[in-house]
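Report on one structure; see the data block that follows.
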Amino acid sequence: MDWKPLIEAIIYVADEPVTPDQITNALKEVAGENAPGKQEVQAAIDALLEDYRGEARGLEVKQVAGGYKMATKPQHHEAVRLFVKSLRPPVKLSLAALETLAVIAYRQPVTIPEIQEVRGVNAAAVIKTLLEKKLITTAGRKEVMGRPILYRTTREFLVQFGLNDLSELPSLKEFEELNKAAQTT
Amino acid sequence: MDWKPLIEAIIYVADEPVTPDQITNALKEVAGENAPGKQEVQAAIDALLEDYRGEARGLEVKQVAGGYKMATKPQHHEAVRLFVKSLRPPVKLSLAALETLAVIAYRQPVTIPEIQEVRGVNAAAVIKTLLEKKLITTAGRKEVMGRPILYRTTREFLVQFGLNDLSELPSLKEFEELNKAAQTT
Amino acid sequence: MDASLNVTLEAYQGPLDLLLDLIRKQEIDIYDIPVATITAQYLECIQHAQEQNIDVAGEFIYMAATLIYIKSKMLLPKDPDLPAELQEDPRVELVNQLLEHEKFRNAAQMLHEKQMLEAAAWSNPALQEFVDDSGEPGLAVGLYDLVKTFQEVLERARTRPRLDIEPEEVTTVQMIERVRDRLAECRGGLPLGELFAIYADNRRNLITLFLVILEMVRLQAIVLRQKEMFGEIFLRKHRGFNLLYSGPLEQLVRETSGAGESDEEASEPNAPAADS
């Protein structure tokens with residue numbers, strides 16, 4: 001039997017360099033009596049290394065700290081880095097930001113003191129983040145003492161959350177029904 | 001120039017399926033004027049897929065959710081599992097959840113009342129589970145009385161179920177024929 | 001009931017599931033269901049469950065009623081005036097529902113298999129080696145997270161112990177410290193409105209904040225800028241800003257002004273009056 005494919009899968013999956021001993025033991029567990037001996041394993045590893053050598057492959061299997069590890073070839077690092085950078089990251093929000101955004105979405109237009117009233121914590125710092133991410137914007141001032149700024153969600157908010165307009169926001173009642181149903185079953 | 005090695009490195013690195021467009025754009029940044037066009041990229045991807053096919057390889061490059069992704073071949077699952085300590089627990093879904101998911105997948109976008117009609121039981125609890133596992137998401141409201149929320153499957157659904165796109169789902173007609181075949185035998 | 005059927009209610013997702021199983025196990029032609037027999041078997045299943053003190057869901061009872069209704073309709077004599085092809089079969093609707101349900105049951109089975117296959121493959125992206133940690137930690141969120149979060153916030157607000165305390169009265173010095181520290185963290189200008197929104201939570205604090213801003217302008221610690229008429233007024237650090245850190249603020253305020261009228265710590269008997 002050809003053990004190379006299995007060894008390739010194991011090296012690919014492992015986060016740390018895998019030693020030939022570890023591979024031999026793993027194969028013993030899988031194949032029992034039919035498992036290959038240490039020498040056979042080493043031969044398969046050597047063949048695998050050979051497969052990955054050469055310009056035709058973008059990956060390599062290298063020997064590190066007495067074990068084997070898969071990695072991209074160094075000459076592609078720059079290109080790979082550029083690719084990773086180009087990935088559009090998903091909307092990343094801290095829990096505090098998400099909470100504040102939720103309050104604004106459902107209570108808009110709303111002032112910072114009103115948000116703090118609901119959340120019970122200072123919201124000013126998070127407001128700045130949400131403004132920067134263009135998820136919220138100002139909406140005039142509230143005619144009460146101090147004339148605090150009102151905030152509302154933006155078009156970008158709708159886009160990010162896949163909504164056509166605000167009326168598409170699920171009502172809390174609708175979600176309560178889901179919760180209730182989940183609890184009774 | 002052979003772009004296959006670089007594409008291999010990019011697909012290896014990405015944690016989400018990489019689309020041909022993403023690859024083409026990344027190569028533009030690296031190679032500028034000399035960058036390959038879309039067709040050339042696709043040809044290189046196809047060649048890469050071909051390289052990974054066959055029993056001699058423990059890994060495969062497969063088409064999922066409109067992109068390409070590297071993974072171990074399923075037949076090495078047991079051996080690999082012995083190696084990976086932190087098992088990513090596969091999403092376990094109850095039969096009720098799978099049925100509801102099937103209804104959503106085939107009838108999307110679809111409302112809860114419509115789902116219940118097909119399944120003959122209350123679906124709210126299961127909907128909540130599916131939302132939490134990010135297998136489905138909301139898709140606006142249906143313009144009928146009560147404006148019920150519409151649901152659809154997500155990209156995560158495609159990834160989890162190894163589908164390239166929704167058209168890869170077998171047609172419901174095929175299931176009907178399955179029923180008929182089961183009856184006549 | 002035929003003992004070989006051996007049906008227990010708990011095994012079923014719903015009435016359609018149970019019905020379908022009764023039909024398929026006995027290899028009955030689904031397009032020609034013997035309603036009387038099936039209804040009897042169905043009722044027996046439910047009765048059996050009830051005898052064992054199992055809660056029978058409303059859906060099962062509703063289906064029982066539907067079956068009895070269909071059975072009674074089938075007993076009615078056919079309309080002799082209608083040709084055979086126009087005679088409506090009372091079973092049609094149920095049969096269609098059953099067939100539809102069965103399709104999706106098979107689809108669910110298919111999804112299950114696909115998922116098993118997918119779960120058997122492992123991915124180990126090496127992305128981490130190429131990501132720089134400049135991005136703030138956070139969660140990728142969707143609409144569902146948003147609603148759920150709002151619900152949690154409201155729940156927390158509802159259960160949060162409410163302490164009804166007198167509104168805090170801030171002294172001049174404390175107010176200067178707050179404005180100073182807030183401005184220090186801030187790279188550009190600080191909107192005046194934001195300061196009032198945060199710190200002017202009662203009338204007294206509103207006045208204190210107002211006086212403090214005037215005081216800071218006088219000390220040349222800050223400047224106020226307004227780009228256009230009625231536009232937002234911004235606070236910016238000025239050349240005297242570092243002075244605010246140079247020593248005890250009491251000294252600074254006392255030496256220069258008498259805005260300390262609301263400042264209990266500073267208003268010792270021999271403090272200068274606010275008549276400067």
Side-chain angles (χ1 to χ4, degrees), chain A residues 2-15 18 22-23 25-27 29-31 48 51 54-59 70-73 75-88 161-165 167-171 174-175 177-185, chain B residues 2-16 18 22-23 25-27 29-31 48 51 54-59 70-73 75-86 96 112 122-129 131-132 137-141 147-150 152:
Chain A
D2 183 12
W3 298 100
K4 206 172 62 177
L6 223 169
I7 294 172
E8 184 183 26
I10 287 174
I11 292 176
Y12 164 76
V13 138
D15 285 321
V18 192
Q22 284 175 305
I23 294 173
N25 290 337
L27 296 185
E29 286 202 55
V30 188
L48 188 67
D51 285 353
E55 291 298 311
R57 302 296 309 269
L59 307 176
M70 197 175 284
T72 51
K73 289 224 168 99
Q75 60 264 41
H76 302 308
H77 278 189
E78 219 10 66
V80 170
R81 211 184 308 277
L82 280 171
F83 162 74
V84 171
K85 247 184 154 173
S86 74
L87 293 175
R88 204 172 73 98
F161 286 89
L163 296 164
N164 279 318
D165 58 57
S167 76
E168 284 190 355
L169 266 180
S171 77
E174 285 167 307
F175 269 73
E177 274 155 23
L178 294 187
N179 279 339
K180 248 184 250 152
Q183 269 156 21
T184 52
T185 50
Chain B
D2 184 13
W3 297 101
K4 206 172 63 179
L6 221 171
I7 294 172
E8 184 182 27
I10 285 175
I11 293 174
Y12 165 75
V13 151
D15 59 350
E16 289 274 316
V18 192
Q22 283 177 309
I23 294 173
N25 290 337
L27 295 185
E29 285 206 55
V30 187
L48 187 68
D51 285 354
E55 290 299 311
R57 302 297 308 270
L59 306 176
M70 194 178 284
T72 58
K73 291 221 170 101
Q75 58 263 42
H76 303 307
H77 176 68
E78 253 325 283
V80 169
R81 205 175 60 83
L82 286 169
F83 235 90
V84 185
K85 295 205 180 69
S86 56
I112 292 185
N122 191 316
V126 171
I127 292 281
K128 187 174 179 255
T129 313
L131 281 167
E132 269 169 4
T137 185
T138 56
R141 291 178 181 278
R147 299 187 77 223
I149 298 177
L150 287 161
R152 63 167 177 83

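Below, read A as the first sequence line, B as the second, and so on, with proteins coming before strands; counting in each chain starts at 1.
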**Message:** With a 4.5 angstrom heavy-atom cut-off, is it the side chain or the backbone of A:L163 that approaches chain B, or both, or neither?
**Reply:** neither
**Asked** A:F83 versus B:I7: any side-chain heavy-atom pair under 4.5 Å?
**Response** no
**Message:** When you compare the side chain of B:P5 with that of A:H76, does any pair of heavy atoms fall below 4.5 Å?
**Reply:** yes
**Request:** Report the C-alpha distance between A:F175 and B:L131 in whole Å, list the side-chain angles of each, state the deciding distance to 0.1 Å, and finish with yes or no for side chain to side chain contact (heavy atoms under 4.5 Å, CB included).
**Result:** CA-CA 11 Å; A:F175 269 73; B:L131 281 167; 4.2 Å; yes
**Asked** In terms of heavy-atom proximity below 4.5 Å to chain A, should B:L150 be classed as side chain, backbone, both, or neither?
**Response** neither
**Fill in**
Rounded to the nearest 0.5 Å, the CD1 atom of B:I11 sits from the CG atom of A:L59 at a distance of 10.0 Å
**Message:** Using heavy-atom distances under 4.5 Å, tell me whether B:V18 contacts chain A through its side chain, its backbone, both, or neither.
**Reply:** side chain
**Prompt:** If you round to the nearest 0.5 Å, how far is CD1 of B:I127 from CD of A:E174?
**Reply:** 12.0 Å
**Asked** Could you give the distance from CZ (B:R81) to CD (A:E29), rounded to the nearest 0.5 Å?
**Response** 9.5 Å
**Message:** For a quick test of reading the model, state the closest non-hydrogen atom pair linking A:A9 to B:G58 and the distance between them.
**Reply:** CB-O, 3.9 Å
**Item:** Rounded distance [0.5 Å steps], OG1 in B:T138 versus CD in A:E168
**Value:** 8.0 Å
**Asked** Which answer fits B:E16, side chain, backbone, both or neither, if we ask what part of it has an atom under 4.5 Å from a heavy atom of chain A?
**Response** neither
**Part of A:L169 within contact of chain B (heavy atom distance under 4.5 Å)** = backbone
**Item:** Proximity breakdown for A:A31 and chain B, heavy-atom pairs closer than 4.5 Å
**Value:** neither
**Prompt:** Which bit of A:E55 is near chain B, if near means a heavy-atom gap under 4.5 Å: side chain, backbone, both or neither?
**Reply:** backbone
**Message:** Between B:L48, B:I10, B:V80, who has the most heavy-atom pairs with chain A when the cutoff is under 4.5 Å?
**Reply:** B:I10
**Fill in**
chain B shares the most heavy-atom pairs under 4.5 Å, among A:A71, A:G162, A:A14, with A:A71
**Message:** What's the separation between atom NZ in B:K73 and atom CG in A:L6, rounded to the nearest 0.5 Å?
**Reply:** 11.5 Å
**Message:** Once rounded to the nearest 0.5 Å, what's the spacing between atom OG of A:S171 and atom CZ of B:R141?
**Reply:** 6.0 Å
